[in-house]
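Both counts, for ligands and for their atoms, begin at 1 and track the order of listing. Each residue takes its place number in the sequence, starting with 1.
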Amino acid sequence: MQTRNLIAGRWTDIGSGGAIDVADPASGEVIARVPMCGASEALSALNCAFEFQPEWEATPITQRADVLRATAAMVVARKDSLARIITQECGKPLAEAASEVQYSADYFSSAAQEIQALNEMEVSLERPGLRGVVRHRAVGVCAAITPWNFPLAMLARKVAPALAAGCAQLAKPAQETPLSAFALAEILLECGLPPQCLHVLIGDAKAIATTWLMDGRVRKLSFTGSTETGRLLLRQCAPEIVRCSMELGGHAAFIVLQDADIELAVKGAVQSKFRNAGQTCICPNRFLVHESIASEFAARVAVAAAQLKIAPGLDAGCQIGPLIHDAAVEKVRAHVADALARGAKLICGGRTKEIPDRPDRFFEPTVIANCDPSMLCFEEETFGPVIPIMSVASEIQAIEIANSSPFGLAGYVFGGNDASARGVAQQLQCGVIGVNEAAPSNARAPFGGVKYSGYGREGGAWGLMEYVTTQYLALRSLEK
Ligand code: ADP
């Protein structure tokens, strides 16, 4: 397992900021010690990336695409070991980690396909003798800052299109979870990526980001993380007009219409809410269920939730792993306590499950009924396995409440009539919506939000476009 930072083609032990322990959230055990970088290492990486970027951009597209396709294949071939790394550093069940590995590989195959499909275009200028040609160029050196909850996929969805477009990539994964990022970098190098194209380092996040963003040579930032950090980074991007993609916090509504197939909705709720123990930015946080079926929905979700196996992520059959750290547990507790104090009704869960010799981080899947928008859990992301349910009287009320949040990443609508469920979905102010579908994310489709959830899209052709600039040539030919 690689535990060092990758800078300027070298796996290096040098870290001007000391070292940090990477711990398994399910045991608290240290699984690796990684050097912490600061401004000087960030600058070395940038110097190298900047120098090499034109060469990578000039590399034939087929050659770049071949590296990405080989990477996709090798990521899949190493699914088991990559999944174990993900589970060990972020805690999610092994089966979910394996899906994340596949999802990550898909970003590489998709980026390879999209860059080869990105052709020059002719524009009709309607002026004699003048031809309009539109083409695309790499943005330049890019920076990626990623979170811990999908440590492989969040990096893959940035690195793959950046490299496809001909950009050199600087990456700073979350310090909780650098190991899967290093493993991905190893694979890319083995698959023929010139080492100057990719630099992966953790350390003093602020110093690294400032070094990259205020320098003038980084032309693009892609960030996934909290809205608060996103705002801060946007300010840092302003002086040098660094282009940004921001995938920030979510606060998804899960709307269950009166005519919904309840069984499907219950299954969808469990699937979307409890993935990674509720620590995903698209997981539903506000369940808005028609009053005629709200109590049945709550009771059935509670039955399904109670059957989920809570265990360390590496245990066979684990469905709910630990939360990432103690502060996360405290936040979930606070949200549940606040809801109950304001009149909500606990249907199941509401506390941690004790597992001998394990840290107190295994939060039971929790269902709370009689919720309303005054509660904390309706105001901000819980980032834990809690289903807060509010009864609503109409579609209009559900849409109003869903859109009252300043966040707008994902949403879900379950309804028995395709056209009306889609009609409700289209009125939601968010970027990704599952209609009778609990897992809308797909590497070939655009992912991203509106309002406080950010802007820019990742995945498919949309993800690639974030890494290219459009160049228009007005060509007058002098040849006769
Ligand atoms: P989360 O709550 O998911 O940890 P953060 O926004 O704090 O969300 O972290 C997401 C990523 O942003 C991580 O890689 C983290 O190290 C990085 N980060 C946090 N604060 C800063 C900062 N001030 N400047 C640059 N990166 C930061």
Side-chain angles (χ1 to χ4, degrees), residues 5 15 17 20-23 25 34-39 41-43 45-46 86 89-92 142-159 169-182 184-185 199-215 218 220-240 242 244-251 276-283 285 323-332 334-335 380-384 407 409 449 452-454 456 458:
N5 298 294
I20 189 165
D21 289 335
V22 179
V34 178
M36 290 278 275
C37 297
E41 293 87 354
L43 189 60
L46 169 54
I86 293 174
E89 62 180 2
C90 99
K92 67 178 62 175
C142 297
I145 300 180
T146 53
W148 50 262
N149 62 341
F150 284 86
L152 191 68
M154 296 302 102
L155 191 61
R157 56 158 65 158
K158 297 177 183 353
V159 170
Q169 176 80 72
L170 305 166
K172 195 213 78 61
Q175 67 188 42
E176 291 91 341
T177 57
L179 306 176
S180 31
F182 296 153
L184 177 62
H199 310 258
V200 184
L201 49 146
I202 61 159
D204 179 342
K206 215 169 151 187
I208 295 170
T210 306
T211 305
W212 288 346
L213 302 176
M214 310 287 275
D215 178 274
V218 170
K220 151 109 194 162
L221 167 69
S222 179
F223 172 71
T224 301
S226 62
T227 300
E228 209 182 310
T229 306
R231 277 198 189 98
L232 207 141
L233 291 170
L234 280 170
R235 274 188 221 111
Q236 292 193 316
C237 285
E240 296 298 334
V242 178
C244 294
S245 307
M246 291 274 147
E247 203 261 275
L248 309 176
H251 199 27
N276 201 8
Q279 303 173 110
T280 77
C281 44
I282 64 162
C283 76
N285 279 294
L323 296 184
I324 185 80
H325 40 46
D326 296 338
V329 178
E330 286 321 309
K331 184 178 185 190
V332 179
H335 275 202
E380 58 176 36
E381 268 182 311
T382 303
F383 239 55
F407 296 95
L409 184 56
Y452 283 10
S453 295
E458 300 189 291

Test your reading of the model: is there a side-chain donor-acceptor pair from [X] to the backbone of [Y], 3.5 Å cut-off?
{"X": "Ser453", "Y": "Gly249", "answer": "yes"}
{"X": "Asn5", "Y": "Met36", "answer": "no"}
{"X": "Thr177", "Y": "Pro151", "answer": "no"}

**Prompt:** Can an N or O of Thr224 be found at a distance shorter than 3.5 Å from an N or O of ligand 1?
**Reply:** no
**Asked** Do any nitrogen or oxygen atoms of Ser226 come within less than 3.5 Å of a nitrogen or oxygen of ligand 1?
**Response** yes
Students should be able to answer this: which protein heavy-atom is nearest to [atom], and at what distance?
{"atom": "atom 15 (C) of ligand 1", "result": "Lys172 NZ, 3.9 Å"}
{"atom": "atom 17 (C) of ligand 1", "result": "Ile145 CG2, 3.7 Å"}
{"atom": "atom 7 (O) of ligand 1", "result": "Thr229 OG1, 3.7 Å"}

**Prompt:** Phe223 ring centre to Lys172 NZ or CZ under 6.0 Å, with the angle to the axis within 45°?
**Reply:** no
Could you pull out the closest heavy-atom pair between [X] and [Y], with the gap in Å?
{"X": "Leu248", "Y": "Leu409", "answer": "O-CD2, 4.0 Å"}
{"X": "His335", "Y": "Glu381", "answer": "CE1-O, 3.6 Å"}
{"X": "Ala209", "Y": "Ile145", "answer": "CB-CD1, 4.0 Å"}

Would you mind running through ligand 1 and noting each atom that sits below 4.0 Å from a heavy atom of [X]?
{"X": "Ala174", "result": "14 (O)"}
{"X": "Leu232", "result": "23 (N)"}
{"X": "Trp148", "result": "3 (O), 4 (O)"}

**Asked** Does Phe383 come within less than 4.0 Å of ligand 1, judged by its heavy atoms?
**Response** no
**Message:** I'd like to know if Gln175 contacts ligand 1, where contact means a heavy-atom distance under 4.0 Å to any ligand atom.
**Reply:** no
**Prompt:** Is the closest side-chain heavy-atom distance between Thr210 and Gln236 below 4.5 Å?
**Reply:** yes
**Prompt:** At under 4.0 Å between heavy atoms, which part of Thr210 makes contact with ligand 1: side chain, backbone, both or neither?
**Reply:** neither
**Request:** Examine the proximity of ligand 1 to Thr146 and report which part, side chain or backbone, both or neither, has a heavy atom under 4.0 Å away.
**Result:** backbone
**Message:** In the complex you have, is atom 12 (O) of ligand 1 within reach of the protein, judged by whether a heavy-atom distance drops under 4.0 Å?
**Reply:** yes
